[in-house]
Structures are given as C-alpha cells and as structure tokens.
Amino acid sequence: MTKNSNKTISKDVKVDVQYLTRVEGHGNIVVDVKDGTMTKCEFQVIESPRFFESMLVGRSIWEAQHITSRICGICACGHTLASIKTAEAALQVSPSEETVMLRKLLLYTEQLDSHILHIYILIAPDLLGVKSIVPLIKTHRPVIEMALRMKRMSDYAGEVLAGRHIHPISYVIGGLTQLPSREGLEKLYEMMLESRKDGLETVKIIKTLKFPEFERPTQYLSLSSNEEYAMYDGDLVVNNGQRTKVKDYKSLLTETVNDYSKAKIATINNKSYAVGALARFNNNYALLNKPAQAVAKELGLKAPVHNPYLNTAAQLVEWVHCLEESIVILKKILKDGLDEKKVVVNSWPKRSEVAAKKYTPNTGVGCVEVPRGTLFHEYTIDDTGHITHSNCVIPTNQNIGNLEDDMRKIVPEMVGRLSEDDITLKLEMLARAYDPCISCATHLLDVKFV
Amino acid sequence: MKKQSKPKVAFFDFSDCEGCQLQFANMGETLLAVTDLVDIVNFREIMSENGQDYDIAFIEGSITTDHDVKRIKAIREKAKVIITLGACATIGGVNGMKNRTSLDVAKQRVYGDKANIINTIKTMPVHEVVKVDYIINGCPVYIPEVVAVLKCLLMGKPYVVPNYPVCTECKMNENVCRYEKDQECMGPVTRAGCNSWCINNGNRCYGCRGLVDNPAANGQKDILVKYGLKLDDVLRHFTLYNDSMGEKYDKEFK
C-alpha cells in the first residue's frame, strides 16, 4: 500500500510503503529522492522482535527443535532440520543414512510447498496486474485449481512424513519418532507423479509472464557439494570461489544491527550478498537434475543470472529438481522399505536415564538450504545438556543488505522515467522477489517512500 | 444468499510465525466453502487489499510492544467479534518464554550493544489487553477444531472448549501411554481438542493448548521429579507455552 498516488514523472520521489503485503511478516520500504539525488533508501523491518535466541537459553537441547520450529510457519521443516543438525553436532551423534534420506525428502517437499506458494499466491498477482489471488479465482480458475493441487501435494507430504507440515511432529534428534505409513508414502508417490504435468504447465505460464529487466551482479552464498545440488549438506561457497566449512560460518559472515530495523543484517567481505533459489542456481547449476536443467533452458535461464526478479523463475527450476529428487527417494523407499531400528527414536532421553545422563559441554553449528536461502543455527550446551548460548542466522537477514543495494541501483534508473506509483510497484515486486520472511528475520515487508 | 448479508472477515497478525494463518490457507476445499459464507476483506499475508470495515477479526500472535497494544485496542473498537487464532494469541505461546528472564537480559542476548533501540514489553495473550469472544488453541491450530469454531461463530453460538486433558483423546486413539514408554508427557494436564495430534505421531505432549482449568499440577510435578527431572526442568515444561501460569507454579512447586 502506498500513501502516494502521484502519476506524474518527477525528479522528486517519495516512496513510503507501510506494511508491505503478500510477504511473510511486517516490513516497510522507504525511499526519498530530491531533485534526482537519493537521500534515503531503506528496507525497514518492523516486526516485533521475538527473542528466540534468548528464550532458548536454559532450555534442554532436546526441546530446541520443538521451540525453533516456531520461528516460522512457512519454513518450519527447514528450522526443524537446521535445529536437529545443530543439536546433533553439539551432542556429537550421527543419524542413520535412512534418517538422512527421510530428512532430505522433508526438506525437498518444503521447497515444493514454499516455492509454489510464492510463485502463484505472492508473485503472480503482480505480473497479472491484480492485487491478490482472489480475483484470479474468477479469471484464471483452472490455473488456481492447479496451484492448489500442487500445494495440496506438498502439504500432504508434510502430513505423511512428519505428522503435519507446520511445526512437524515426528522429526527429532537422532531420527523419527515413528515411521511414515507405507500407505501414505504410496499415495504421495502417486500425487508426485501426477504433479509432473502441473509443473510443466506452470513452466508454460511463467514463460508468458514478463519479469522486470534489471541486472546487478553481487555475491551469492549457498551450500555446495560435489555429490548433489546441495540442500541438506555441504560446504559454504561464495561465487567468488571462497569455500568455508559450516562450523566456521562466523569467519565468513558478519552480523550487524542497523538503527532502523529490528533485523540483523549480514555481510561477507564487508559487502552485501544474496542467498536463496537464485544463489543456489548460480552456484550449483551443474548439479541440477536433467529435467530441472531442461526447464532452466526453456525459461532462458543461464547461470550466472544477475536479475533478482528472476529468483521466482529459479524457484520453479528448483521445484522441478526437488520433485524429481523426491520421486527417486520415494521409489527407493517403496522398493526397499524402511528399517524401523535405523530410524525410530524417542523424542527425549528416557525418564529413567535423565538424572544419570552426562553431557560434554560443546558448541554445535547446523545449516540447511531452506526455500529463502541458507539457514544457520548454533547452540552451546553445558554439562547438563541445557543451552547456554544460541544464535540463528536467517536467510532474510542475509538478503536485506543485498535488496537495499538493488534498490540503490534501480531507483536512479527509474527516476525521471517512471511515475512514483510505478516506481513503488517495481520496488514492492523487487522485495517480494526475495520472498522475504520477516517473522524469521526478526528475530521484514512494507515499502515506504517518505 | 444476498451479498450484503455475508459477514466481513479480517485477519491480523502480531508477534508470531504466521503458521496458524497458513494453516487456515491450507484448509483447501473447506476454505473455498468458507469464502462462500464470509467476505475476506483484509488478509495481509496473501492480499494487497486492506479493508478497514469488518465484523469479525481473527487475531494471530501475541502482544509484545506498546504499538501492538494500541493496534489491538483499535481493532477491538471496530470488530463485533474477536477470535484468537492459535497459542500465541490465546495463551501467549512460545513467545511467553521471553518473560522468564528480564527484558534487559533478553534484549542484550539477542541485540548486544544495540539492545537499547529495541522496543519490547512483556509478552501477553490478547485477552490480557482486550475482550476476546472466541478462542482457538493450539500450535498450530487443529483444522477440525477451526471448522467447529467457525460453525458456532456463524450460527452465533458459543464454542465450548474441552476442559478435559489430552489423555482422554489419546486413550480413545489407543496410543501407548508415553509414561509406559519411559517418556514424559504433558498430556495429563493439557487441555484436549487436538485429538492427541503429537502423540499419534510418536512424539509427546508439550502443552501447546494450555492447561485444563484445574490441572493435577502437583501430581504431574511429583511424577516428573520421581523420574529424575529437576524442579527447574519441570517448571520449564509447564511454561513452554504457559508463561501466564509460571508465577503460580514457581511458588507452588518450590
């Protein structure tokens, strides 16, 4: 929502979007240009801080997943997995290969869910010139039905694998509290095979939509692995070739707090950087599976892509990748079955062992790629297994600096050429392209031209 | 049905993860049926429209800033009916854990030397600030209960929240008791209505729906202590979602 309705083209521009819509959480975009000179260009996070890092202090390491899942309703599975990996690093325990396979499947299906939500419900209305998905229900009914069907598939995946997608139940330290039902897995497999044609149809639709033209090369950070398109595991890789082990993440990135936001802002080499689908695509293109590479080619995406608006197209490429990878895993599980002994664990040490259980004080770092980018958790535990310090680095916090740098380049390119309303819309679309998740970041969106 | 007879519905979120709204959006065909009965005029997470004329306000999230207090009071003045959606709005939820330490310490832990720029107050459920007409418990909300509450709401009837513990539903579901499996569980003191969702999936109850009106809290404490939990850990179990009960049990348990 903008307060301005200035249709004239001027060298004075004030953008003041309070409570940016169609994003997860609360943020403002504030831009002030006087006689062609930009005096203010801010993306302000205004979500109430939630203090998760403080709330974890004094809690048992065994509760960390349950609590940190609640940082975000959209990336609840991603936070769950980052938390579990962190706790396992601190406790020095390793999950079985089968457990890791089930975790990757959950992570892929969360990418499926979030990317479809972003592409159809949050982005498509802008590209079709409407304010929300609601008018599209009448004008584009079959497409909306298809989008809901794709969403339903990934929601169902959460139900089958973890009991529910929002705040998953059965994924815990060491394994799962119970095996997913064979019947559920079979149904999910069928739904995924059916989804292939919806994916191809979505590619056709996205091809017809026009994304704004803009380019700004930047630093891209993602997990990277020699074995696969990294989502669950790998090293931290920047597109300039810097490679860092996850446990040493603090030597790579620096977090600061600015005065107008409640989100911490991260930098690498004192510069902003981007994480998320486009960063992963740019860094790891060669490891995408063949169907995803074919879709990238169809959409005209060739790594490296320097237009942040095309993050949405990269999400669609990843959707195809994750669907195919999920199908491969499900096929294997349905053929070989799952060994309960290698997967099923308790959610907490047995009561009879709690008092006697000994812990070694330690710090663990865990990292996964969630839909919006690289997510870090870090916990330090004492000799009773309680958390004494924690830190979470959220994708949106890492993208805010990069988004502001994009705004600083694109605003002068538009001033004197577009009306204030059009500039506002382009900035809103830019922020939405990053798919910001402000609930997570406060631990972000509204455009404000003052 | 005439268009003007549909109640206007708005969704507002405060401090939370927005998972309950998303849970609403995940209702699928049920949601389409709901949209036949009401007009959604404000739903920031998915719509750019920002209707300020509404009858029913769904509130998600807890009240954690002075600005939140002003905002919820303004919503109360406009809305005929306020419904809290989920644990954060209804009982404070996980946000309440912030209250277990001083605000200065919490700010310092997260924002370091920039702590002074952060405005935060004690976490409060919505009912501590304004009158609430319907509540929906849970983290996240359980869709069958959401539908039940919506039916009551549209018929103008009160919704009666179960006042028996999760164990009742858990037994009906024929789950093996967590205590039989040498695990602890908050089921015996936690308000039912979720159909023992977490235990059905092999985990335990964490108390996200709040405590029943007269929980056997001391009995629960004694059992946890008997099996090796320290009093502080017992209290942490009680206050994971229920900070508002923290002071009471701080005194009673010690």
Side-chain angles (χ1 to χ4, degrees), chain A residues 1 19 21-26 47-55 57-60 63 66-67 70-74 76 121-122 125 131-134 148 151-152 155 162-167 169-170 172 176-178 257 259 262 264 344 346-348 350-356 439 443, chain B residues 13-23 25-26 28 40 43-50 61 64-65 67-68 93-95 97-98 100-101 105-112 114 117-118 120 139-140 179 181-184 197-198 200-204 206 224 227-229 232-233 236 240:
Chain A
M1 173 189 58
Y19 287 108
T21 57
R22 282 185 279 127
V23 296
E24 209 281 333
H26 305 154
E47 184 96 0
S48 308
R50 299 183 66 205
F51 299 96
F52 271 92
E53 290 140 316
S54 172
M55 296 191 298
V57 174
R59 288 274 161 187
S60 165
E63 288 174 307
H66 186 89
I67 294 169
R70 270 80 186 160
I71 292 175
C72 181
I74 298 182
I121 300 181
L122 307 181
K131 287 186 179 303
S132 81
I133 193 173
V134 176
L148 290 174
K151 181 98 180 53
R152 179 73 201 127
D155 282 338
R164 64 187 173 219
H165 178 176
I166 301 174
H167 308 325
I169 300 169
S170 61
V172 296
L176 275 67
T177 55
Q178 73 179 28
V257 179
D259 290 330
K262 288 165 187 163
K264 294 176 178 175
V344 176
N346 274 337
S347 60
W348 186 274
K350 290 184 173 179
R351 284 182 306 163
S352 50
E353 297 167 1
V354 167
S439 292
H443 95 108
Chain B
D13 44 51
F14 289 80
S15 193
D16 67 344
C17 79
E18 303 195 6
C20 288
Q21 287 182 61
L22 202 61
Q23 190 75 340
N26 288 345
I40 298 175
F43 200 154
R44 189 200 48 79
E45 195 174 24
I46 61 165
M47 292 164 66
S48 286
E49 289 91 340
N50 179 20
T64 66
T65 64
H67 178 251
D68 287 351
V94 291
N95 296 314
M97 280 187 281
K98 182 184 78 177
R100 305 301 295 165
T101 180
V105 169
K107 288 201 278 193
Q108 176 67 33
R109 280 177 184 162
V110 184
Y111 296 97
K114 290 285 180 103
I117 68 162
I118 303 297
T120 188
C139 184
Y179 287 89
K181 296 182 86 167
D182 204 8
Q183 287 272 285
E184 85 252 37
W197 208 351
C198 292
N200 301 352
N201 285 280
N203 213 307
R204 62 194 177 93
Y206 292 79
L224 294 174
Y227 284 92
L229 262 75
D232 280 345
D233 280 324
R236 285 185 193 112
L240 185 57

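So you know, we letter chains A, B, ... as the sequences are listed, proteins then strands, and number each from 1.
- For V344(A), no part lies near chain B; criterion is any non-hydrogen pair under 4.5 Å.
- Side-chain contact between C198(B) and R164(A) is present, with at least one heavy-atom pair separated by less than 4.5 Å.
- Proximity to chain B is limited to the side chain of K151(A), based on heavy atoms less than 4.5 angstrom apart.
- Residues R351(A) and Y179(B) approach most closely at NH1-CD2, 2.7 Å, considering heavy atoms.
- Listed here is the closest heavy atom pair of I67(A) and M97(B): CG2-CE, 3.8 Å.
- Y206(B) contributes atom OH, which lies 13.0 Å from atom NE2 of H167(A) (distance to the nearest 0.5 angstrom).
- The contact between C139(B) and chain A is made by backbone and side chain atoms together, counting heavy-atom distances below 4.5 Å.
- Contacts of L240(B) with chain A are made by both backbone and side-chain atoms, with heavy-atom separations under 4.5 Å.
- Contact count against chain A (heavy-atom pairs under 4.5 Å) is highest for D233(B) among T101(B), D233(B), D232(B).
- Of all heavy-atom pairs between G202(B) and Q178(A), the closest is N-OE1, 3.4 Å.
- Shortest non-hydrogen contact noted between Q23(B) and I166(A) is OE1-CD1, 3.2 Å.
- Of the residues considered (H165(A), R152(A), E353(A), H66(A)), H66(A) shows the highest number of contacts with chain B, using heavy-atom pairs under 4.5 Å.
- In this structure, C17(B) SG and F52(A) CZ are separated by 7.5 Å, a value rounded to the nearest 0.5 Å.
- Heavy atoms of S170(A) lying under 4.5 Å from chain B belong to its backbone as well as its side chain.
- Distance alone, capped at 3.5 Å, places no donor-acceptor pair between the S54(A) side chain and the K98(B) backbone.
- Annotation for R59(A) and R236(B): closest pair NH1-O, 2.7 Å, computed over non-hydrogen atoms.
- Of the possible donor and acceptor atoms, none in the side chain of E18(B) sits under 3.5 Å from a partner among the backbone N and O of I74(A).
- When all heavy atoms are compared, the tightest approach of V94(B) to R70(A) is CG2-CB, 3.9 Å.
- Among E184(B), R204(B), R100(B), K181(B), the residue making the largest number of heavy-atom pairs under 4.5 Å with chain A is E184(B).
- Using a 3.5 Å distance cut-off with no hydrogens or angles, the side chains of S347(A) and N203(B) do pair a donor with an acceptor.
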